[in-house]
Amino acid sequence: MAPALAWLTALMVVPCALVLTLAFFRRGIYGGIEYTVTLENFGLVFDPLYARIFLKSAYIAGTATGIAVIIGYAAAYAIAAAPRRLQPVFLFFAVLPFWSNYLIRTYAWIVLLNREGLITQLLRWVGYTGEPPSMLYTEGAVIAGLVYNYLPFVILACYAPLSRLNPELGEASRDLGASSVTTFRRIILPLTVPGIAAGAVFVFVLSIGNFVTPALLGGGRFQMIGNLVYDQFLTVNDWPFGAALAIALIAVMLLVLMAQSQFADRAAGRTIEARGGADG
Amino acid sequence: MNEPRTLLSIDRVSKSFGRVKAVEDISLDIRENEFFALLGPSGCGKTTLLRMLAGFEPPSDGRILLDGRDITRTPPNKRPVNLMFQSYALFPHMSVRANVSYGLEMERLPAKEIRSRVDAILTTTELVSFADRKPEQLSGGQRQRVALARALVKRPRLLLLDEPLGALDKKLRGAMQLELKRLQNEVGITFVIVTHDQEESLVMADRIAVLKDGRLLQCDAPRAVYEHPCDRFVADFIGVTNFLQGKATADGVLTSNGVKIAGKVPNMLSPGVATVAAVRPERIRLFPSPETANRVAGTVEALAYQGLDLQLHVRTPLSDKPFLVRVTADAVDRQPVSAGDQVELGWDAADVRIYAD
Amino acid sequence: MNEPRTLLSIDRVSKSFGRVKAVEDISLDIRENEFFALLGPSGCGKTTLLRMLAGFEPPSDGRILLDGRDITRTPPNKRPVNLMFQSYALFPHMSVRANVSYGLEMERLPAKEIRSRVDAILTTTELVSFADRKPEQLSGGQRQRVALARALVKRPRLLLLDEPLGALDKKLRGAMQLELKRLQNEVGITFVIVTHDQEESLVMADRIAVLKDGRLLQCDAPRAVYEHPCDRFVADFIGVTNFLQGKATADGVLTSNGVKIAGKVPNMLSPGVATVAAVRPERIRLFPSPETANRVAGTVEALAYQGLDLQLHVRTPLSDKPFLVRVTADAVDRQPVSAGDQVELGWDAADVRIYAD
Amino acid sequence: ADLVVSNWDGYMAPDAMEAFKTATGVSGEVVVHATNEEIMGKLVASGGKGYDVIFVSSPFAEVLNKLGLTEPMDHAKIPNLANLYPEATKLPHDVGNSFSVPYTWGTTGLCYRSDLVKEAPTSWNDLLVPSDDLMGKTTMLATDRWLLAAGQLDKGFSVNETDPAKLAEVKDLLISAKKNLLAYDDTTFYSKLVSGEALMVQAWDGWCNYGIAEKPEIKYVIPKEGSDLWVDTMVVMKASQNKDAAFKFINFMLDAKNHAWAAQNIDYKVPNKPAMESLPADFLAKFPNMAMPVADLVKFEQLRDVGNAQRDYAKIVSEIKAAQ
Amino acid sequence: MAERSPGTRRALWLVLTLVFAFLYIPIAVLVALSFNNAGLPTAWSGFSLKWYASLAGNSAILSAGLNTLIVGLISTTIATLLGTLLAIGVEMRRQFGKGLEALIFAPMIIPDIVLAIALLSFFSMLNVTMGLQTIIVAHVVFNLAFVCSVVRARLKNFDWSIVEASADLGASAITTFRRVTLPVILPAVVAGALLAFTLSVDEFIIAFFTAGAGKASTTLPIQIYSMIRFGITPEINALATIVMAVSVVALTLSQRLNREVIGQ
Ligand SMILES: Nc1ncnc2c1ncn2[C@@H]1O[C@H](COP(=O)(O)OP(=O)(O)OP(=O)(O)O)[C@@H](O)[C@H]1O
Ligand SMILES: Nc1ncnc2c1ncn2[C@@H]1O[C@H](COP(=O)(O)OP(=O)(O)OP(=O)(O)O)[C@@H](O)[C@H]1O
Ligand SMILES: NCCCCNCCCN
Ligand SMILES: [Mg+2]
Ligand SMILES: [Mg+2]
């Protein structure tokens, strides 16, 4: 534990703190830093524009998260139910596509989905003559792209707690008269909420910081919130404001995540001051 | 009483795990409203049998009938049968109350009824003050009681209890035994209980089945099993017994060193066959009257104080092992014996059981 | 024997979980090579106490000394103490053999020695044929034996056993008890054992401590605890007792309905104080001689066959509850009683214990 | 290596470094960056340590210079500066090539499928307010300055306009144009033209040429309102430990033959007179915009660093992206 | 223990089939394009191995591929180790303030660009030589958090008494970790490692900023993102195809090896 914390402190806390304190200064005219202390950057953060972008990207990331969690959980469940020796193989094949490159995968989707793409050609081949469906450069395409790319992360995260769930708990529930659906809802699901929560966090944070998928599959029609910070640092060269935006973003996400983690703990039945030795 | 109705029929059921045969060809009828105990050494297949009755484990062979209906493939939640797990299987994310309510919620009972039934069973199991705790915050015995309460509160037709009271102290166990009996009589639940507490099974059960290596050896009323074990294993397994090896004669056993033990020899044992005579320690009297059929002199080797009684270890010429004799502390107070004393032991021919060896 | 040396001192130890006080201000000395039993109702703090001795739970207060050295903060792996867990805590990914070898491997013993010691203990615990199975492929009792074997094989200075035999049948339990005694004598291990089996603790333990609600009530030799319980709770908890309520007099108790019970009144109970007299069922004689100090007539309400003995429930004018009387089956054979019979009961003044109520 | 050059991928001959080594004995390596913004960020954060020569577009070169990260060009060490068109030595962002040397230059205009559009476009308006047959079949560049430039030029404003009122007008125009667009795209727009997915796109001239190479029906036009003059430049980092080698390298790139390679293989105009004059006629015929007279080209206004107004630009882009 | 009904089994297989179809359809396109004669992903124009040939001659891509593998493997190893230990530390005694919780979540939510710039500024402040080592160190920062999350999800339902049992039997904390905790949570650790590796081999911004100036620390994403100006050539598809094929072969071999060495 100590080495990990040391690593984080030396290589995340200190460097990021250095950069983020820039939020209290001012952009120099040529994009450098003017070292006069000010809070004006934080004032700018409250422009409704940013709230709108935040909400929009949270909505897109949230939808992608929801879909990815449902599909990913189902897949993880099926993998965990497969014979023990096949499970690592399934996991491996679930991530294998993602060792190719993000851009190439995204291009493959473009090849499939664009108006003159494979799907359209397939439709034409079976005799469809109308206007080709427009599947690209929409919110839906972005969500699909995010779901696709982050699905394996959900599978991995959900598989973790599913892999060694005490089967007797499910049996006890069935025995007490619960249908398999109820057993799932009231026993299995709550006990695996930590995995779902972790997977959801992955999809959400990766989506909200993503810039390739909105640009390529969304036709650049909207930005994710992560892009905004990127632009401040690299396009505008306004590090102070970028830092302020980043701080706001981190703060909001931290609040959400900590609420989530508490919820996951509660759902899994963990209590403070509890000790080991629970059955299972 | 009317002829008892059969509630559950176990019909030539077997179960294997790979090469391990956990249950082999067991047939049994459990009667309506009966208190049925499953006994047998560790690993003999008791849990496996209960799991098949509850519907978790499909038998490798055979059928299970409830009220004459084949339920071999009926899923657990469709059976009016509940199992209390040996390992409890409490829901770790739910409070004690939630664990206990769960089964009633599944029946969609009105919240008020659930509440009152749960309150009642929590009171009986002395768990009221723990109602809001999570299982991991409980002691071993408290967990066991939650598992028990969770099963009892459902009041199913047939309740399967896998060592329900093992982690409880004697007092609490007594109270729980009373509660089980009450449910049997008042609610009319049929019980199948696995226990390692022989006294428990002898006192509580209407019938006892003794299993060994996955097979059924004997199924009978407790007193019958205790007094007339069907074979040497059962005699040894239930209670304490002195065994004397020898050969069958017409009216008893001739031990290897030439002493004759009087007793009734079963027909199937022809004279000369290797046999074993069994006598319970409590059937043996110190300083018997001269008419007593079997008498032997010996030396007291040890006295073990057992709270209620004394167990004497008496060295006799009958066998290499000391003879066990059980006397009340009270009797010893009146006629003291101590280690080294010469004593005479005696027992009636009717108290001798004779088995093939 | 020399004056026994103290191995472990528990010095005013307390432990709270949040608002729950699991152990409160317990002081105890465990002697070298002693077999020490912890008794107490479910949830009284036995496991918590053992966990503190093993080093898993830092006491909220107090100290633990081993050989006079303060080990309160010593980590578990640095203590010559082993705990067998009530919930077994078997390593799920290891075979039975690997589970049992583990502790010896930690000591870096030569592979050959490990192998032979493990083989020996697997034989003793009748696990040889399961050596290659994983815990999940074992029955409840088999798992318990693995946990036991894993603790025993280490032969630590001090072995803490939290209900080590609860899931075993009587025969196997007997064999394991012998093995524990053998280890105590031959290897010189000191045992602290939690058990709910009173007979077990009475037979095996050199001393017994009775806990209640986290507090120590009595600590003494088994016979002393059984014969002279320090208070009503202990008398009630250990064994079976008839209680008779009333007021203290100079030489006994006057029950509410005016019957005098002769017995020795402790000094601290001044006459007139509410008291309770306790008599063990096995101390009561049927048809006592006229000199017997306490005598009462009654009607037999029920006879409970208990395998070895008969327990009579006798309705007497002494109290609302039936009087329990324990007689041997043999005695009843000679002088039959049945329900409805009028009987006379009697017991000596020396058999009466008197407590504040 | 003695020399580290950071360039866009494929923006110079693959064997240029080997040839440079043969010519000068200096060994070096080329690393790639994806965008101006990213290499800028990296140089600013690190002070440019480790890099010698950087290829960036002119506004970024300008900022690097203002931040003091660039080394003044030692003209004595770059004799091939003489190959530059005179106009290329007087570019407004760096008159006299004091800290940067232009590598390529060109225009931003409309690239379209002449076979599929009803009428050839002539105005930025044809993109911003497209005819019905172009609805959903046009793209604009995604990069802030060029995206705004389309609106600024259409409105007749400077491409470096900072007046908030005028910028607001541009913003409204671009927001209203958004609903007709297929996408914002500054990397693959030409392949969208090739496949027919898009029929008209805002494009850099050279990049349109990639489309033309695949499909001759693709044409490039500078709208009547004009274009910007974009210039990609080479700069030498002040932190460079190999400045002599760096100047040698720039000199090498300005060699007529080498520079001609760039023109001919990446289909961008280069500000190198002998190089341009060496281009074969059929090449120029195939890519008419390559033959654009330098005098016409330099009439257009260059994108300049706009200082703190850059914030407003970025915010406008954000607002456009956030609009429905 | 108990078996599943055939209906349930069929449903589970259906789920797997559908999910894997979804995952592999674009991959099929990607692989097909690597054999496409034409460079533009517009239409099929005949089978060709020419992209594999040109890949073989493209030292920049090959060395970038190797660098990526190195960064991926090393950063995954370190992050898996540290992240797992961190998860165990945090879950074993859950008596931590919000501060620690925030510290653990932070690497996941700090915008990439902030971490990238922060690390670069920090490294150059300290005059650290940039190269693969700095990319690795940077990737560990966020990967550690991801691994920690996955492992923590598993540890929420972990029976800690076996850890106590191990300590009780005389094992040091390290031995307990190696012989008890790790094997039991291994599926989750493997899941975390796969996740970390996947993130690392695809990461661009942080790698770009923390890379040294030079080919020696150019990773594949850096290379590929910069190639996007000309559209992605099928060379990259060929490389991706090879990467996946090699991975499958490696897995098959290791599985076979496992079975032969360990038996079963
Ligand atoms: N983590 C916890 N949080 C709150 N209370 C606890 C916790 N662990 C134990 N307790 C309580 O402390 C008391 C003592 O528990 P302990 O496990 O020591 O009992 P025990 O004597 O071993 O009982 P049993 O015989 O049932 O195993 C119990 O009332 C139990 O509910
Ligand atoms: N999954 C399994 N794989 C292999 N063998 C098993 C499995 N489950 C149980 N067994 C074996 O089947 C036999 C019967 O087990 P079961 O649990 O029914 O015993 P039990 O009578 O309940 O014993 P106990 O009193 O110890 O709980 C045992 O020998 C056990 O080892
Ligand atoms: N955002 C990157 C834009 C690249 C600019 N290039 C200018 C024209 C083509 N070289
Ligand atoms: Mg069992
Ligand atoms: Mg306990």
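Values reported hereafter were calculated over all heavy atoms of this structure, with side chains retained and with hydrogens, waters and symmetry mates removed. Below, chains carry the letters A, B, ... as their sequence lines are ordered, and counting in each starts from 1.
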So which part of A/L249 gets closer than 4.5 Å to some heavy atom of chain E, the side chain, the backbone, both or neither?
side chain
Given A/L254, A/V201, A/V256, the one that forms side-chain contact (heavy atoms from CB on, under 4.5 Å) with E/I109:
A/L254
Tell me, for E/V163 versus chain A, whether the close heavy atoms (under 4.5 Å) come from the side chain, the backbone, both or neither.
neither
Quick one: do A/Y230 and E/D112 satisfy side-chain contact (heavy atoms from CB on, under 4.5 Å)? Show the steps, please.
CA-CA 8 Å; A/Y230 177 93; E/D112 289 356; over 6 Å; no
Would you give the length of the straight line joining atom CE of E/M244 to atom CZ of A/F93, rounded to the nearest 0.5 angstrom?
11.0 Å
Check: E/N157 side chain, A/T192 main-chain N or O, donor-acceptor pair, under 3.5 Å:
no
Give, as side chain, backbone, both or neither, the part of E/V15 having an atom under 4.5 angstrom from any heavy atom of chain A.
side chain
What option among A/G242, A/A75, A/G209, A/A197 has the most heavy-atom pairs under 4.5 Å with chain E?
A/A75
Considering only residues two or more places apart or on different chains, which pairs with a residue in residues 86-100 of chain A satisfy salt bridge (Lys or Arg N to Asp or Glu O under 4.0 Å)?
none
Stepwise, does the side-chain contact (heavy atoms from CB on, under 4.5 Å) test hold for A/L18 with E/M125?
CA-CA 11 Å; A/L18 289 177; E/M125 225 169 73; 3.9 Å; yes
Applying a strict 4.5 Å limit to non-hydrogen atoms, the region of E/F123 in contact with chain A is side chain
Nearest 0.5 Å please: distance from the CG atom of A/N101 over to the CD1 atom of E/I224.
3.5 Å
Only one of A/W99, A/F153, A/F98 forms a side-chain contact (heavy atoms from CB on, under 4.5 Å) with E/L194, so which one is it?
A/W99
So which part of E/I162 gets closer than 4.5 Å to some heavy atom of chain A, the side chain, the backbone, both or neither?
neither
Chain A contact via E/F209 - which portion, at a heavy-atom distance below 4.5 Å
side chain
With a 4.5 angstrom heavy-atom cut-off, is it the side chain or the backbone of E/L86 that approaches chain A, or both, or neither?
both
Would you find a donor on one side and an acceptor on the other, under 3.5 Å apart, between the side chain of A/Y159 and the backbone of E/A188?
no
Is it the backbone or the side chain of E/A11 that comes under 4.5 Å from a heavy atom of chain A, or both, or neither?
neither
Output for pair (A/Y107 OH, E/L33 CG), nearest 0.5 Å, gives 12.5 Å
Go through the steps for A/S100 and E/L30 under the test side-chain contact (heavy atoms from CB on, under 4.5 Å), then give the verdict.
CA-CA 9 Å; A/S100 67; E/L30 183 161; 4.0 Å; yes
Of all heavy-atom pairs linking E/P107 and A/L8, the shortest is CG-CD2, 3.8 Å
Non-hydrogen atoms of chain A under 4.5 Å away: do they reach the side chain of E/I185, the backbone, both or neither?
neither
Side-chain contact test, heavy atoms from C-beta onward, threshold under 4.5 Å: evaluate it for E/F204 versus A/V212 and give yes or no.
no
Looking only at E/L18, E/V140, E/L85, most heavy-atom pairs under 4.5 Å shared with chain A are made by E/V140
Examine whether an atom of A/L165 lies under 4.5 Å from a heavy atom of chain E, and if so say whether it belongs to the side chain, the backbone or both; otherwise answer neither.
side chain
Max heavy-atom pair count under 4.5 Å with chain A, selected residue of E/L120, E/L81, E/V243, E/I110:
E/I110
Do the rings of E/F22 and A/W109 sit parallel, tilted or perpendicular, given the 30° and 60° boundaries?
tilted
Can you give me the closest heavy-atom contact between E/P187 and A/S163, atom names plus distance?
CB-OG, 3.8 Å
Hey, could you give me the OG/CG distance between E/S149 and A/L156, rounded to the nearest 0.5 Å?
12.5 Å
Rounded at 0.5 Å granularity, tell me how far CE in A/M253 sits from CE in E/M108.
9.0 Å
A/L11 versus chain E, the contacting section by heavy-atom distance below 4.5 Å:
both
Between E/L115 and chain A, which part of the residue has a heavy atom less than 4.5 Å away: side chain, backbone, both or neither?
both
Please classify the contact between E/V19 and chain A as side chain, backbone, both or neither, with a heavy-atom cut-off of under 4.5 Å.
side chain
For the residue pair A/P97 and E/Y24, establish whether any side-chain heavy-atom pair is separated by less than 4.5 Å.
yes
Could you list the residues that satisfy salt bridge (Lys or Arg N to Asp or Glu O under 4.0 Å) with A/R105, not counting sequence neighbours?
E/D202
Counting heavy-atom pairs under 4.5 angstrom with chain E, the leader among A/G170, A/A246, A/A78, A/G195 is A/A78
For A/I155, is it the side chain, the backbone, both, or neither that has a heavy atom closer than 4.5 Å to a heavy atom of chain E?
side chain
Rounding to 0.5 Å, atoms CG (E/L239) and CD1 (A/I104) come to a distance of 7.0 Å
Let me know if A/F90 has heavy atoms under 4.5 Å from chain E in its side chain, its backbone, both or neither.
both
Go through E/L23 and A/Y148 one step at a time and tell me if the side-chain contact (heavy atoms from CB on, under 4.5 Å) criterion holds.
CA-CA 7 Å; E/L23 291 179; A/Y148 178 75; 4.2 Å; yes
Honestly, the part of E/L144 sitting under 4.5 Å from a heavy atom of chain A is side chain
Under 4.5 Å from any heavy atom of chain E - which part of A/A10:
backbone
